[in-house]
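All residue numbers refer to positions in the sequence shown, counting from 1.
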Amino acid sequence: MESSCLRLHRFPRRPLLPTPSTTAPNHHHLLLSLPLTLEHHPFPATITPSSHLPSLRLRRPPLPPVPAKSADIDDGVIPTDSDLAPTPPSHRTFSAWDMASLWVGLVVGVPSYYLAGSLVDLGMAWWQGIATVVLANLIVLIPLILTAVPGTKHGIPFPVLARSAFGVRGAHVPTLLRALVGCGWYGIETWIGGEAIFLLLPPSLKTSSSALSLIPWLGTSPLEFSCFMVFWLAQMGIVWRGMDGIRELEKYSAPILIVLTSCLLCWAYVKAGGFGRMLSLSSRLSSAEEFWSIFFPSLTANISFWATLALNIPDFTRYARSQKDQILGQAGLPVFMGIFTFVGLAVTASTEVIFGRVISDPIHLLGQIGGLSTTLIAIFGISLATITTNIAANVVAPANALVNLSPSMFTFRRGALVTALLGIAFQPWRLLSSSESFVYTWLLGYSALMGPIGGIILADYYLIKGMNLEVSALYSKNPRGPYYYFQGFNIAAIVALLVGILPIIPCFLHKVGILSNTSDAFVVAYNNAWFVSFFLSGILYWLLCQLGSRKDAQHTETLIPASE
């Protein structure tokens with residue numbers, strides 16, 4: 001179904017209908033010569049001389065398939081043999097177990113553990129923290145599955161799906177925003193892996209001047225930064241194998257991570273004499289008003305935790321065997337997050353009984369357990385959990401975005417390398433400096449970018465396009481194509497995106513110290529950034545498209561008068 005969202009096509013130099021002359025055919029013969037179809041008819045119907053035209057929109061025939069080889073690959077349009085080409089049926093082999101394994105590998109990791117501890121650190125009781133996490137993941141599961149559907153149906157990745165709403169060139173805007181967040185997360189995960197390597201070092205080295213002295217402009221010590229770079233290099237070996245290597249890693253890592261997590265939970269249970277300490281933890285929030293002021297930003301932060309994957313999930317579901325496989329595989333996300341949150345909270349609570357103080361960082365906890373064999377197993381587990389999460393969640397989307405930006409310059413491997421380099425530039429050790437900076441600045445801040453993109457893409461695919469896409473046109477730069485819009489940009493989508501982000505900016509600037517204060521309305525908008533931006537942009541985009549459809553219908557009436 002062709003979209004009409006603010007279509008501003010250039011008109012051809014020749015008039016649509018020839019001017020009458022003594023030798024021109026009559027009006028009905030002219031109509032018969034037009035290769036047009038009725039858009040709202042269930043089956044394409046040829047226009048006949050008796051057709052009543054004023055209430056009908058006209059539709060061009062489908063574009064021819066894109067040739068397999070094309071030298072014209074500029075402006076974000078790619079040849080069909082590139083990394084972004086539709087996945088052929090023979091390569092769609094992901095089962096429900098493969099999809100579930102992907103999510104196990106994503107969930108079991110230090111950031112998920114750290115996020116659970118952050119909620120308790122902010123004052124919630126253990127059951128409030130678990131309930132918040134589960135509710136957030138039930139909410140994010142809805143757009144996650146809905147966005148995955150076109151990837152499975154058409155075999156297309158996120159950058160190509162984004163062209164339907166934003167245009168063949170405008171798609172660079174959402175894909176690069178998603179890539180930017182992915183680069184930040186890549187740096188965070190890599191820093192965590194580097195901390196795991198730091199644990200292996202001899203105590204004498206960890207207490208040396210290179211470990212304790214900070215470089216002022218860098219914000220960390222030379223030794224910790226060196227461990228960060230070692231883990232950074234280790235990941236590149238897996239990334240270089242492409243999607244096949246990522247799939248195998250996720251598939252075989254899932255059971256190992258489940259076993260290691262279970263072992264950690266059993267250790268905490270035995271050493272602490274049960275989970276009594278965790279169950280006795282009560283909320284430190286003294287009033288309902290104080291609780292809700294923490295709950296809503298925490299809920300939004302947990303949604304934004306996976307809002308990135310909710311956008312580029314087609315990068316993975318394009319390999320799924322069927323819609324049933326992708327839905328069943330992803331339905332376990334709230335369950336996996338709930339279980340792992342319980343593990344994180346239970347183990348964190350048990351540390352006060354075991355060590356006399358709360359240790360919320362799992363890396364520091366594993367370092368306290370001691371013993372060479374325990375340390376080696378811990379390092380292996382943390383490294384495996386970090387790599388599985390990092391590569392799947394934070395490499396695929398940025399790499400594909402760069403391929404979409406310039407297929408002649410980037411391949412998946414080159415895009416992954418650029419992603420890894422930008423991850424260093426984010427200085428992730430600063431983002432993890434406190435629970436407040438992690439939750440309120442990082443997670444809430446980028447949710448204002450992910451929310452509007454998700455709202456626009458879902459409104460476009462389900463409400464505007466009616467779940468119908470012309471896949472060949474998504475790979476075409478024909479100015480008369482249905483996804484070219486105005487110079488390759490859909491103005492409606494760009495406007496809706498900007499409007500969705502604007503209400504979040506004032507409070508974000510306040511959080512990072514640029515503005516001294518802001519109004520309560522902007523604070524509320526920021527604390528609910530994903531919800532506000534998602535619905536605001538999605539609804540505005542739909543309204544703009546309806547307005548564009550009416551203008552197109554009126555313009556058609558002026559070009560082709562009704563037959564009498």
Side-chain angles (χ1 to χ4, degrees), residues 76-78 80 82-87 91-92 94 99 102-103 106 140 142-183 185-186 242-243 246-247 304 306-320 323 326 330 391-407 410-412 415-416 418-419 446-447 449-462 465 467 469 471 473-475 483 490 493 497 534 537-538 541:
V77 182
I78 62 173
T80 57
S82 81
D83 290 327
L84 298 187
T87 305
H91 291 176
R92 300 182 190 182
F94 275 30
M99 294 302 302
L102 171 69
W103 280 109
L106 289 169
V140 81
I142 297 172
L144 185 74
I145 291 178
L146 291 176
T147 310
V149 167
T152 304
K153 180 179 180 180
H154 304 290
I156 55 176
F158 167 63
V160 176
L161 175 62
R163 294 174 182 179
S164 171
F166 287 86
V168 293
R169 291 176 179 158
H172 296 319
V173 176
T175 55
L176 290 177
L177 287 176
R178 168 63 183 94
L180 189 66
V181 175
C183 291
W185 266 118
Y186 186 89
M243 283 299 299
I246 294 173
R247 178 194 175 189
S304 64
W306 296 122
T308 51
L309 263 295
L311 285 185
N312 75 290
I313 193 64
D315 291 340
F316 301 96
T317 59
R318 63 190 288 213
Y319 299 100
Q323 298 290 0
Q326 71 93 354
Q330 298 192 92
I391 293 177
N394 307 318
V395 172
V396 176
N400 282 342
L402 291 172
V403 173
N404 183 53
L405 181 64
S406 178
F410 291 104
T411 61
F412 180 86
V418 172
T419 300
Y446 79 67
S447 70
L449 300 177
M450 302 297 99
I453 297 172
I456 291 168
I457 287 178
L458 291 181
D460 178 78
Y461 184 71
Y462 289 96
K465 302 297 194 302
M467 299 178 65
L469 297 176
V471 176
L474 291 170
Y475 293 86
Y483 310 116
N490 186 358
L497 175 65
F534 180 91
S537 292
Y541 176 76

message = For Leu311 and Thr147: C-alpha separation, side-chain torsions, deciding distance, then whether side-chain contact (heavy atoms from CB on, under 4.5 Å) applies.
response = CA-CA 7 Å; Leu311 285 185; Thr147 310; 5.8 Å; no
Could you report the tightest heavy-atom contact between [X] and [Y], atom names first, then the distance?
{"X": "Ala307", "Y": "Met450", "result": "CB-CB, 4.0 Å"}
{"X": "Ile156", "Y": "Pro150", "result": "CG1-O, 4.0 Å"}
{"X": "Ala459", "Y": "Gly538", "result": "CB-O, 3.8 Å"}
{"X": "Ala162", "Y": "Pro174", "result": "CB-CG, 4.1 Å"}
{"X": "Gln326", "Y": "Ile145", "result": "NE2-O, 3.8 Å"}

ask   = Under the side-chain contact (heavy atoms from CB on, under 4.5 Å) criterion, do Val149 and Thr317 qualify, and how do the steps go?
value = CA-CA 8 Å; Val149 167; Thr317 59; over 6 Å; no
Within the distance-only criterion (no hydrogens, no angle test), does the side chain of [X] pair as donor or acceptor with the backbone N or O of [Y] below 3.5 angstrom?
{"X": "Ser537", "Y": "Gly455", "answer": "no"}
{"X": "Lys153", "Y": "Met467", "answer": "yes"}
{"X": "Thr175", "Y": "His172", "answer": "yes"}

Between [atom1] of [X] and [atom2] of [Y], what distance do you get to the nearest 0.5 Å?
{"X": "Trp185", "Y": "Thr308", "atom1": "CH2", "atom2": "OG1", "result": "8.0 Å"}
{"X": "Ser304", "Y": "Tyr446", "atom1": "OG", "atom2": "OH", "result": "4.5 Å"}
{"X": "Leu449", "Y": "Leu176", "atom1": "CG", "atom2": "CG", "result": "12.0 Å"}
{"X": "Leu161", "Y": "His154", "atom1": "CG", "atom2": "NE2", "result": "8.5 Å"}
{"X": "Gln323", "Y": "Thr152", "atom1": "CD", "atom2": "OG1", "result": "4.5 Å"}
{"X": "Tyr475", "Y": "Arg163", "atom1": "OH", "atom2": "CZ", "result": "7.0 Å"}

Residues in side-chain contact (heavy atoms from CB on, under 4.5 Å) with [X], at least two apart?
{"X": "Leu146", "answer": "Ile142, Leu458, Tyr462"}
{"X": "Ala165", "answer": "Ile456, Asp460, Tyr541"}
{"X": "Pro398", "answer": "Ala179, Cys183, Thr419"}

So do the side chains of [X] and [Y] get within less than 4.5 Å of each other, counting heavy atoms only?
{"X": "Tyr483", "Y": "Asn490", "result": "no"}
{"X": "Asn404", "Y": "Val160", "result": "no"}
{"X": "Met99", "Y": "Phe94", "result": "yes"}
{"X": "Phe316", "Y": "Trp103", "result": "no"}
{"X": "Leu474", "Y": "Ser164", "result": "yes"}
{"X": "Pro159", "Y": "Val403", "result": "no"}

key: Qualifying residues under side chain to side chain donor-acceptor pair (under 3.5 Å), relative to Asn312, sequence neighbours excluded   = Arg178, Asp315
request  = Using the test side chain to side chain donor-acceptor pair (under 3.5 Å), find all partners of Thr87 that sit at least two apart in sequence or belong to another chain.
outcome  = Arg318
message = As a quick check of understanding, evaluate side-chain contact (heavy atoms from CB on, under 4.5 Å) for Ile457 and Phe158, giving each step before the final call.
response = CA-CA 10 Å; Ile457 287 178; Phe158 167 63; 3.4 Å; yes
